[in-house]
Amino acid sequence: MRAFSLILVLAAVVLSFSSVFVVPEGQRAIVLLFSKVQKDDADNAVVYEPGLHFKVPFVAQVRKLDARIQTLDGTPDRFVTSEKKDLIVDSYVKWRVQDFSDFYLRTRGDKNYAETLLEQKVNNGLRTNFGARTIREIVSGERSELMADALVQASESARELGIEVLDVRVKQINLPDEVSTSIYRRMRAERTAVAKEHRSEGQEKAEEIRAEVDRRVTVMLADAERNARSVRGEGDAQAASIYSNTYNKDPEFFSFLRSLDAYKSTFSNKQDVMVIEPDSEFFKYMKNASAQ
């Protein structure tokens, strides 16, 4: 009798635990009866809010789903613009489960699988919007409009998954590596051409400056040479005047001094040889003592 009572107690405990389930905060739950989602009288799926709930023991299966806002940060994908130009676009999506029954039936409650399907739908919408615009339109100011259109398309296509798309954002737009390399090369060539043009203009300006400086130097040298000649002429005239005055005062003494200077210059080097007649005027003061 005691064993039977113990079995009844254990059965009651097991039955109680199998009849109760708890939904944590931030989650929702649906119940499956014979692999079908439990529905109410209006044929709507019954969604259990956070808290303590009861279910049919052993038969009903509880599936808990995350009801919080999720962030899908997908991998950058390649899109083609209306100009047939490739762009590498990095985007993210904010989403949450709206219809828990449809979400479970479409994705079996697998978040990763749901995000894979959602990413495909969002990228299809982005691909359509990028394909209708040029690079200039995308970069110059239509990005907000593009994201708004993508949000509308993603919301419509994701509704069948039981997902509500809250936001679609384009984080970054880049050119493919091969295109970027080509653009950088073209930019480098353009900058090189501009640099060469600037250097050429600088060299031309330098030549003009050098020519102007050379002209000024030539003029200054010519003026200096003219002034020097004028000064030398004045000095020569003054010296000639002094010589003339001196000669007029004592011609014989002047002649004697000039001869001494000539002797000094001539006989300064012992190696010099002179071929001259002994009675030449040059030896006037050497052979005529009375001429002193």
Side-chain angles (χ1 to χ4, degrees), residues 81 83-88 133-143 171-292:
T81 65
E83 307 162 298
K84 306 304 179 184
K85 302 292 186 180
D86 289 346
L87 295 176
I88 304 298
R133 292 173 172 84
T134 64
I135 294 180
R136 182 180 295 274
E137 292 172 345
I138 295 170
V139 175
S140 63
E142 294 192 12
R143 184 181 298 189
K171 295 192 298 182
Q172 193 173 21
I173 300 175
N174 292 321
L175 294 170
D177 292 339
E178 61 273 14
V179 178
S180 298
T181 302
S182 176
I183 291 177
Y184 291 151
R185 287 176 179 172
R186 185 172 70 250
M187 292 174 62
R188 187 182 297 111
E190 292 175 354
R191 294 298 93 193
T192 301
V194 172
K196 288 182 178 179
E197 182 179 357
H198 288 332
R199 281 195 292 268
S200 176
E201 293 176 354
Q203 291 175 356
E204 181 180 357
K205 192 68 175 178
E207 292 297 331
E208 292 178 358
I209 295 174
R210 291 192 191 96
E212 178 64 20
V213 171
D214 291 342
R215 185 189 65 80
R216 292 182 180 180
V217 169
T218 302
V219 172
M220 292 173 65
L221 291 176
D223 291 341
E225 181 66 20
R226 183 178 64 254
N227 293 333
R229 289 179 179 177
S230 176
V231 171
R232 282 197 297 269
E234 293 177 358
D236 292 342
Q238 187 175 1
S241 176
I242 294 172
Y243 290 149
S244 176
N245 293 333
T246 303
Y247 181 79
N248 291 329
K249 289 181 179 180
D250 192 347
E252 185 65 25
F253 181 71
F254 181 76
S255 178
F256 175 70
L257 291 179
R258 294 292 298 270
S259 296
L260 291 180
D261 290 336
Y263 296 155
K264 183 178 180 180
S265 300
T266 302
F267 302 122
S268 61
N269 191 347
K270 297 180 179 181
Q271 303 297 326
D272 291 341
V273 177
M274 297 181 60
V275 180
I276 191 169
E277 295 181 359
D279 56 351
S280 173
E281 186 68 22
F282 182 75
F283 297 111
K284 173 182 178 182
Y285 293 100
M286 285 187 177
K287 64 182 180 179
N288 189 1
S290 63
Q292 295 180 355

Thr218 side chain to Asp214 main-chain N or O, any donor-acceptor pair under 3.5 Å? yes
Within residues 191-206 or reaching into it, pairs that qualify as side-chain hydrogen bond (donor to acceptor under 3.5 Å, both in side chains) - sequence neighbours excluded: none
Write out all pairs satisfying salt bridge (Lys or Arg N to Asp or Glu O under 4.0 Å) with one or both partners inside residues 232-246, taking only residues at least two apart or from two chains. Glu225-Arg232
Quick one, Thr81 and Thr134 - any side-chain contact, counting heavy atoms below 4.5 Å? no
Residue set satisfying side chain to side chain contact (heavy atoms under 4.5 Å, CB included) with Val231, at least two apart, ordered chain then number -> none
Residue set satisfying side-chain hydrogen bond (donor to acceptor under 3.5 Å, both in side chains) with Asp223, at least two apart, ordered chain then number -> Arg226
Stepwise, does the side chain to side chain contact (heavy atoms under 4.5 Å, CB included) test hold for Ile135 with Leu87? CA-CA 9 Å; Ile135 294 180; Leu87 295 176; 4.2 Å; yes
Should the heavy atoms of other residues, nucleotides or ligands under 6.0 Å from NZ of Lys171 be counted, would the total exceed 12? yes
Salt bridge (Lys or Arg N to Asp or Glu O under 4.0 Å) involving Glu212 - partner list, sequence neighbours excluded: Arg215, Arg216
The side chain to side chain contact (heavy atoms under 4.5 Å, CB included) partners of Glu190 (sequence neighbours excluded) come to Arg186
